[in-house]
Amino acid sequence: MIKTDILIIGAGPVGMFAVFEAGLLKLRCHLIDALPQEGGQCSEIYPKKPIYDIPGFPEVMAGELIDNLAEQIKPFEPTYTLGERAETIEKQEDGTFIVTTNRGTKHNAPIIFIAGGLGSFEPRKPPIPNIKEYEDRGVEYIIRDPEIYRNKKVVISGGGDSALDWSVFLTDVASEVTLVHRRNEFRGALDSVDKVAKLYKEGKINLITEAEVKEIRGEEKVESLLIKHKTKGDIIKETDHFIPLFGLSPKLGPIANWGLEIQKNAIIVNNALDYQTNIPGIFAIGDVNTYPGKLKLILCGFHEATIAVQYAYNIIFPDKRYVMKYTTVNGVTGFDGETKKADATVVKSII
Amino acid sequence: MDDLDITIKITDREGVKHEIQAPTDMAMNVMEVIRSYELAPEGTIGICGGMAMCASCQCYVLSDHELPEMGIDEDMMLAEAFYVEDNSRLGCQIPIIKDLDGLEIQLAPESESE
Ligand SMILES: Cc1cc2nc3c(=O)[nH]c(=O)nc-3n(C[C@H](O)[C@H](O)[C@H](O)COP(=O)(O)OP(=O)(O)OC[C@H]3O[C@@H](n4cnc5c(N)ncnc54)[C@H](O)[C@@H]3O)c2cc1C
Ligand code: FES
């Protein structure tokens, strides 16, 4: 069981910044995210696009903002459960919560921050009628362990970076790699496109373009695919695995069933006070919450995180008195004991 | 009707038809108009904010209005989207302008991820 002071569900920019504010109050945080990396929408959807409305940053790349946040929270030694989705929550008799992920990892904390943004990022599934029957029987939407493809035949479909990059990667692992895409053109980084083109010329990747996987066949598991070509008709392709890589899309998912008040796909919070939900001890911050006047902006999420942390502190230490301190005045002391502090004033006679 | 408004006919994902007024002076696009009228649940449309990066705003154009030409981003996004037809467009790439008065569209189904 992973134990912490504040368990943060969602490692987007808002969840990350909450670690900093909690650290100032000496509270420890653990973050859960369905994605294999931190940064939420900023990392998953638009890492290379500029943001212009972060106060104090005339322009910052979304990916760079996340790198900066990671650096900023490092002294507070956040811990992570990545690549897992928070699935259930249970309140214990002692008032703390246990959150369990889809992979069975259990976390225990007195305070929960839901910073789930638009929801947990889940793979987009192509509308192939019987695809669900083959999930985990040869159909995988996310590559967790490339080793399962060793010496197997794989068909990847998609036209973006992840389809290209995994096709390249798996040529060294699988016995045969086929990439299927609806167009002749690919959308990935130039470098990835060039690599696939090279491997194709060397006969290491099969490319089937202007084509789409329409049907999956096989008794117990995937055995072959019916691929429809725009002009050349149907192709039957034998394969052990079919990996559709069409990007991820956020879904509020299990959180919607936690007994929280939901309005328009977001969690209602008390914005007049502390961003707590209808369940005491569970806060919701960032894109995932709603209240009159809500704006889904990073800077608003940062504000909400800061306020919520102060109230979380009050819940954990009801008897302790506390006043907010400026970081400039007090510096930032990490859990390793190191302090970042403003330089002391220099007093020195000149003559 | 305000002079600056145009009428758009939208069939939502449940098949319900709506006739709405859209302003031409607010630099809005079709996806944003759909959101402002809440014709699709929040979280199911406009996920990328209108950057032609998610296809959650895909719609079928039913009338024969002349639309702005498809940019490379839109074209490539549609190459990876599901339920794409010959008349598919991304709503976020269609700005609301006077010439589109009477435009008729239908929202494409939401892509599955559960
Ligand atoms: C293209 C684009 C451009 C944008 N431009 C701007 C801009 O210019 N300025 C601005 O302020 N904002 C902008 N935004 C919005 C901004 O990115 C969001 O406001 C911000 O990411 C919200 O942060 P968050 O931490 O609340 O949520 P998110 O970034 O959405 O992160 C939430 C995380 O929670 C995880 N999660 C959710 N549920 C679960 C669960 N049950 N288990 C595990 N993990 C879960 C998700 O996987 C996700 O990683 C833009 C958004 C997009 C898409
Ligand atoms: S809103 Fe994402 S493609 Fe239009």
Side-chain angles (χ1 to χ4, degrees), chain A residues 34 41 44-49 51 62 85 116-128 131-132 135 141-142 157-163 181-188 209-210 212 244-254 256 262-266 287-288 290 294 296-297, chain B residues 12-14 26-28 31-60 69-93 106-114:
Chain A
Q41 296 169 52
E44 187 54 40
I45 307 186
Y46 63 110
K48 305 234 165 73
K49 304 266 182 213
I51 307 177
R85 185 179 63 220
L118 303 174
S120 130
F121 278 95
E122 305 292 336
R124 292 171 54 228
K125 303 181 176 176
I128 299 170
I131 194 161
K132 290 203 173 146
E135 286 175 5
Y141 308 99
I142 292 181
S157 66
D161 275 314
S162 62
H181 182 39
R182 286 220 297 269
R183 299 285 180 87
N184 277 322
E185 304 82 29
F186 287 85
R187 191 161 65 130
T209 56
E210 302 202 300
E212 216 175 332
L245 297 174
F246 290 98
L248 305 173
S249 140
K251 285 276 159 332
L252 193 53
I262 308 271
Q263 187 183 62
K264 290 186 194 157
N265 211 36
D287 278 15
V288 80
T290 188
K294 169 69 184 179
K296 290 185 182 179
L297 285 174
Chain B
D12 68 24
R13 293 188 185 126
E14 261 79 61
M26 299 293 289
M28 277 174 105
M31 175 274 287
E32 290 165 334
V33 169
I34 294 166
R35 280 184 73 179
S36 70
Y37 279 90
E38 300 181 9
L39 301 184
E42 268 300 295
T44 68
I45 184 164
I47 287 163
C48 77
M51 298 189 85
M53 281 164 62
C54 71
S56 65
C57 63
Q58 187 194 163
C59 51
Y60 307 122
E69 212 171 302
M70 218 185 265
I72 180 101
D73 289 344
E74 179 177 2
D75 192 26
M76 290 316 284
M77 187 64 237
L78 283 172
E80 281 196 89
F82 305 145
Y83 311 108
V84 175
E85 303 290 342
D86 289 343
N87 59 344
S88 283
R89 289 294 303 254
L90 295 178
C92 67
Q93 302 303 306
Q106 180 182 354
L107 294 188
E110 195 189 347
S111 67
E112 246 189 277
S113 59
E114 277 168 312

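Since this is a predicted model, take the numbers as computed values, not measurements. Proteins come first, then strands; the chains are lettered A, B, ... in the order of their sequence lines, and each starts at number 1. Only this structure's heavy atoms are used, side chains among them; waters, hydrogens and symmetry mates stay out.
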SG of B:Cys54 to CZ of A:Arg124, rounded to nearest 0.5 Å, is 8.0 Å

Can you check whether anything in residues 75-83 of chain B gets within less than 4.5 Å of chain A, heavy-atom wise, and list it by number?
B:Asp75, B:Met76, B:Met77, B:Leu78, B:Ala79, B:Glu80, B:Ala81, B:Phe82, B:Tyr83

Distance (rounded to the nearest 0.5 Å) between B:Asp73 CG and A:Arg187 CZ:
7.5 Å

Side chain, backbone, both or neither of A:Ile128 within contact of chain B (heavy atoms, under 4.5 Å)
neither

With a 4.5 Å limit on heavy-atom distance, are the side chains of B:Ile47 and A:Ile45 in contact?
yes

Which distance, rounded to the nearest 0.5 Å, do you find between the CG of A:Leu252 and the CD of B:Glu42?
12.0 Å

Look up atom CE in B:Met53 and atom NZ in A:Lys49, then write down how far apart they are to the nearest 0.5 Å.
5.5 Å

Could you list the residues that satisfy ring-ring contact (aromatic ring centres under 6.0 Å, His included) with A:Phe186, not counting sequence neighbours?
A:His181

Contact winner vs chain B - A:Lys296, A:Arg182, A:Glu185, A:Gln41, heavy-atom pairs under 4.5 Å:
A:Arg182

Can you tell me which of A:Gly158, A:Gly247, A:Gly160 forms the most heavy-atom pairs within a distance under 4.5 Å of chain B?
A:Gly160

